[in-house]
There are 2 protein chains.
Amino acid sequence: MSVIFSRECEYAIQALIFLAKQERNTWISIKDVAQQINIPQHFLGKIFQKLVQKGIVISQKGFSGGFKLTKDVNKISIFEVVEAIDGDGYRTKCVMGFPDCSADSPCPIHNKWKSIRDDFVKLIKSKKLFELAHEIKKPGY
Amino acid sequence: MSVIFSRECEYAIQALIFLAKQERNTWISIKDVAQQINIPQHFLGKIFQKLVQKGIVISQKGFSGGFKLTKDVNKISIFEVVEAIDGDGYRTKCVMGFPDCSADSPCPIHNKWKSIRDDFVKLIKSKKLFELAHEIKKPGY
DNA sequence: ATTTATTAAGATAATTTTGTCTTAATATAA
DNA sequence: TTATATTAAGACAAAATTATCTTAATAAAT
């Protein structure tokens, strides 16, 4: 299993970081992205379709078409990508799975988990593709 | 999807908290646990089998048999249950899914995630069934 | 001994997630 | 206008997770 995000979401994050590393205003094909970051091509296709619907990337069909980011790389955060693909379950559900856990009727670790989770949400909101793309220069990424 | 733990693991935690609420040294049947916390009975059976193998509970077959905790309720933490069911993936894998991320070759949020994750691990190590069972008195748990 | 209530364990099924294949639509280049 | 490279989209398949069903083993009560 993955840690917090679905596999799909992990791929989305990795693919967008890859896009952010490329020259601005050029169309990048699914094939290129999938090969470079080593993830299944057609699965990535579906993921990109969702990202198009959410307005994070735009697509261009046909010869030398592909995808590019709609917004500036320092305006797109991990948080935004996660919300687009996985939704908000990771920050709204009870970490122990109690169905009735809520602020009104908190489970025994509700508040401490909330505090930790808030730190995490703050982290992924603060991290933009720009920074991520520039920090990732080592092989393997 | 669940938050961090698998459904199986969430059920294990909930079931053991329920056991911790019962009178010590009495056998509690799967059926009772499953009905009370509203989870699938046979699925819970398999989970308990794993918990027996890990030495967290012991079982007694036959008439008026069931399960009980092996150790004192203030000696079993959420952490222990999670390790038994889900293993350590949640605290060892890269949160963005980069396959080569490690302390030696950290992804851009490796260290900040580690810090948050360490807080979480500390939390679930500190929470014993004893405390959890006593804090859960409201309906719905 | 027989009945009954239980865990143990394996087989099967349903659901969800992940991954693949195929065809259509489309845009560019030749 | 034809060939080619691409996304779009749906069907399909595989794998993993979650859930159910069935039978065997076992222990207690009668």
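Values below: all heavy atoms of this structure, side chains included; hydrogens, waters and symmetry mates excluded.
In this view, A:Asp119 satisfies the salt bridge (Lys or Arg N to Asp or Glu O under 4.0 Å) rule with no residue, not counting sequence neighbours.
Side-chain N/O atoms of B:Asp100 and B:Ser105 include no donor and acceptor closer than 3.5 Å.
Residue B:Lys112 places its NZ atom among 12 or fewer non-hydrogen atoms of other residues, nucleotides or ligands, all under 6.0 Å distant. For B:Lys71, the NZ atom is densely surrounded, since the number of other residues' heavy atoms within 6.0 Å is greater than 12. Around atom NZ of A:Lys68, more than 12 heavy atoms belonging to other residues, nucleotides or ligands sit under 6.0 Å away.
Comparing B:Tyr11 and A:Gly66, the nucleotide of DNA chain D nearest to each residue sits closer to the 5' end for A:Gly66.
Proximity of a side-chain donor or acceptor of A:Glu8 to a complementary backbone N or O of A:Ile85 within less than 3.5 Å is not detected.
For DNA chain D, the neighbouring residues in residues 45-64 of chain A, judged by any heavy atom under 4.0 Å, are A:Lys46, A:Gln49, A:Ser59, A:Gln60, A:Lys61, A:Gly62, A:Phe63.
Side-chain nitrogen and oxygen atoms of B:Arg7 include none within less than 4.0 Å of the OP1 or OP2 phosphate oxygen of C:dT16.
For the atom pair CD1 (B:Ile13) and NZ (B:Lys127), the distance works out to 13.5 Å, reported to the nearest 0.5 Å.
Atom pair B:His42:NE2 and C:dT12:P shows a separation of 16 Å (rounding to whole Å applied). Atom CZ in B:Phe43 sits about 12 Å away from atom C1' in C:dT15, given to the nearest Å. Rounded to whole Å, the distance from CD on A:Gln41 to C1' on C:dT20 is 11 Å. Rounded to a whole Å, the CE atom of A:Met1 is 10 Å from the P atom of C:dT18. Atom-to-atom, CD of A:Glu10 to C1' of C:dT18 comes out at 12 Å; the value is rounded to the nearest Å.
Taking a 4.5 Å side-chain heavy-atom cut-off between Ile, Leu, Val, Met, Phe, Trp and Tyr, the cluster of B:Trp27 extends to B:Ile58. Membership of an apolar cluster is not assigned to A:Met1, as no side-chain contact below 4.5 Å to another ILVMFWY residue is traced.
Relative to the axis of its first five pairs, the axis of the last five pairs of the helix from C:dA1-D:dT30 to C:dA30-D:dT1 sits at 10°, rounded to 10 degrees.
The outermost nucleotides of DNA chain D lying under 4.0 Å from heavy atoms of chain B, listed 5' to 3', are D:dT18 to D:dA29.
The aromatic rings of B:Tyr90 and B:Phe120 lie perpendicular to each other, with more than 60° between the two planes, well past the 30° mark.
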Check the pair B:Val57, B:Leu16 against side chain to side chain contact (heavy atoms under 4.5 Å, CB included), reporting the backbone distance first and the verdict last. CA-CA 9 Å; B:Val57 299; B:Leu16 291 177; 3.6 Å; yes

